[in-house]
Amino acid sequence: MSGGVDSPFGMDVPDFPGPQPGESSGSILEGLTKEQAEAVLATEGPVLILAAAGSGKTRVITRRIAQLLSMGIPAWSILALTFTNKSAGEMRERVSKLLLGEDGASLGGERALRGLTATTFHSLCARLLRRYAEPAGLKPDFTIYDSGDQASLCKKVIEQLGLATSNFPPRSVLSAVSNAKNALQDAAAYEARAHDWSTKNVAKIYSAYSKALRAANAVDFDDLLMVTARLLERDESVRRELQQRWQYLMIDEYQDTNLAQFKIASLLAGKGAPGGNGPNICVVGDPDQAIYGWRGADITNILEFEEHYPGAKVIRLGENFRSTKHILAAADTLIQKNQRRKHKPLFTNREGGATVEAILCRDERHEAGLVTDWFKSLHDEGGDEGDSGFPWREMAVFYRTNSLSRVLEESFRQANIPYTIARGTAFYDREEVKNALSYLRVVANAADDVSLERIVNTPTRGIGDAAITVIEREAAGTGAPMFATLRRVRELAGISSRAAAGIEKFVTLVDDWTGGGSFLGATVPASLADLVDRVVQESGLRTMYQNQARASGNEADLERVDNLDELVSSAREFEQEYDPEGDPAMEPTRAADGSDRPAPPALLALLRGFLESVSLVADADSVDPAQGSVTLMTLHAAKGLEFKAAAIVGLEEGTLPHSRALGGDADQMEEERRLCFVGITRAMRRLMLTCAKYRTIRGLPERTIPSRFLSELPKEHVKFSDQGGALDDLRGTSWDQDSDDLDDDSPRYVPDDGPGVPKGGVSPPSIGTKIAKALPPGCIVRHPQFGEGTIVSVTGGMNARAVIRFKGAGEKTMVLEYARLTRVR
DNA sequence: AGAGGCAATTTTTTT
DNA sequence: AATTGCCTCT
């Protein structure tokens, strides 16, 4: 990986939000304000750029890099760190555009750019840890564990320690461990501070978990940072080498750095040249956009930058070039409610524009419908003066939690509006893809027990729990990885002949791909794509899913086969873009005695790189406005983007602000407010904020309270309207015409205050029963996913179910209370 | 060994 | 609603 956008789907992100006028030609300073120009020219010494939302931050950063290059600073001595692959890629893209000129008239740009490192913290750390694996206490072919892998490993460790997973849920233990790692506390340091029984046990688990990770030759996300920080701290020669290489350091979104990242940045920056002001470290950020406190981000890193680097130059970019004054006023009024912040007014010279709309809706479907209609009219008729219609790609919906996206999706689909959901990790989270990747991970790292356990018997090879337990115990006893233990099946007692045969088959399979670990020989694939293809084929995964699809006739199962194919093509694409020179793993690694050790076989290096790029995708990476569709994403993923029109949904107490922040912790509440602020400031021309009176949460309809943030907005700039009272369009679409059971005054989403105390000793009939009465067999209903169907039979009672025969999907049994059925006739 | 069914559970955000 | 884990049946 050379720091570009490592998109799993190969859809590279082009310049976004689009080239700004004057960007491509002439002087680097052209079109900049005084402050912006100052920031671009402040190349030496420590610099803090406080960049308010929409103040042209990206522009400044890219021009600053161009400035450095034009001063003759070699690209390889510049390091730019970001939080997502997407922004790293965008940075490279825009710098190259600046240097090359719009028409490609080369100003020597191509060459000047070569060697520039623009990447994420996590990618950088992964690369450094491979390059300096030995001094870091790792092997260069380590695997990166995602949260699922972490959970499996953690659970196993807890069980092995004889503790109950009910007392120590892996999730919460892992979150404690994660916090510790982000604060640079290793297991020993954590244990030293543990005093009560529970914490002491967590310390034990932490320690055992760390050992298990190393035994599996794996690191987790937090290790990437912590181990790198420790390496830089302890190994002077590595530190010096890197300090010498990267003379110019830039860090974006500095307000979101945690202690580990702060440490890494400080250690890479060093002290600077003797007699100088300090190192050339330029950090850019906005305390008002700090939204990762829950991940250990420490806002004091940016607030105390000046103390840490005395003599640092501070530049404030306060003028907003993005939003209308109404939107800006809304954002500014809201954020002023935060107590803990540096006072920093937002201002704009722009006039005009429509007011912000805040709408109270009836429920989430109503809400989704309003957003859909709004987008449609903006698309067809345009927003306001001078706009002939917003393209889809210029519109987005933001929400606090991913679960809110489903209703919106349905609504967009029905309205035939093209949309994409920003979930970069979703593809790799699919079961079939994870299985294929687990095979690949075992190929790349034979010590990876978590991946091995996932796939030894997938598809089934007759290896059952009994056999696995024997292997596990033997491996634990000898300290050898499970794969090595598998080779010795015949020596082990307690394994059925069926299981032993399956195990041998499995070992042969993997050995064929790896050449027994040597990656040499006739059976070893010639290319990465070839390897992935063969894994999918020869493991039996493809056949397994093909059979499954044939048996069920289900479209979702058919898609699994397609996904496996897509994995093969994404590997092919990775291979085509792979640049061995940019891969630190291909550089000779220094062994302890100072001698060089040979680079790994090409296929293995390629595979490692591929797996790494897969592990480090972020949700925000998949935002791809080039497709010309509306984007749906979380507020977190929205940071750094801008859209002509944006809607934020679910502005309700418990959703935004999220219920977890409701506990009275002022810091958490302020972070929620910043999150809302980030969302508002994404909008350039039009902004809509919605809340729903009733929202179905985890299948249960709940009455909500409008968000406090709504009441904190300025009335002069925000038009509030209550559309939550109208019931008309509920009529005729549903079963609530059954007036003796469900009166028209209450929307059907209103719960009967739960089961509660039965009145007069008899429980009120459940919602399901009421619906059941309205749906006699033979009547036609519509389901949002399966389309029209006929009721075959209905059962009453608490969880009333109906058997429905659908035209396309066959017969299904559904719980009436939850199936979103509409009566057709 | 393995599949399928039923019950219990669900703390948001992401590298 | 959806996922996960546990249990039973074949």
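The salt bridge (Lys or Arg N to Asp or Glu O under 4.0 Å) check on A:Arg550 picks up nothing, with sequence neighbours excluded. A:Glu670 is linked by a salt bridge (Lys or Arg N to Asp or Glu O under 4.0 Å) to nothing, counting only residues two or more places apart in sequence or in another chain. Looking at residues two or more places apart in sequence or on another chain, you find a salt bridge (Lys or Arg N to Asp or Glu O under 4.0 Å) between A:Asp667 and A:Arg340. For A:Asp223, the salt bridge (Lys or Arg N to Asp or Glu O under 4.0 Å) partners at least two apart in sequence or on another chain are A:Lys181, A:Arg214.
Between A:Ile291 and A:His636, the shortest heavy-atom contact is O-NE2, 3.2 Å.
Regarding A:Arg461, its CZ atom lies at a distance of 15 Å from the C1' atom of B:dA1, rounded to whole Å.
Look at A:Glu410 and A:Arg406 and you find no salt bridge, because none of the NZ, NE, NH1 or NH2 atoms lies under 4.0 Å from a carboxylate O.
At a threshold of 4.0 angstrom between heavy atoms, the contacts of A:Asn457 are confined to the sugar-phosphate backbone, with no base atom among them. Nucleic acid contact for A:Phe83: sugar-phosphate only, since backbone atoms but no base atoms lie under 4.0 Å from a heavy atom of the residue. Within the 4.0 angstrom heavy-atom criterion, only backbone atoms of the sugar-phosphate kind lie near A:Asp465; the bases stay farther away.
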Per-nucleotide protein contact string for nucleotides 4-10 of chain C (B base, S sugar-phosphate only, - none; heavy atom under 4.0 Å): -------
Contact letters for nucleotides 7-14 of chain B, in which S counts primed atoms plus P, OP1 and OP2 and B counts the base, heavy atoms under 4.0 Å: ---BBBBB
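Checking A:Phe221 against A:Ala466, the closest nucleotide of DNA chain B that is more toward the 5' end is the one next to A:Ala466. The nearest heavy atom of DNA chain B to A:Ile463 and to A:Ser615 marks one nucleotide each, and the one closer to the 5' end goes with A:Ile463.
By the 6.0 Å contact criterion, CG on A:Asn167 is enclosed, its count of non-hydrogen atoms from other residues, nucleotides or ligands being greater than 12.
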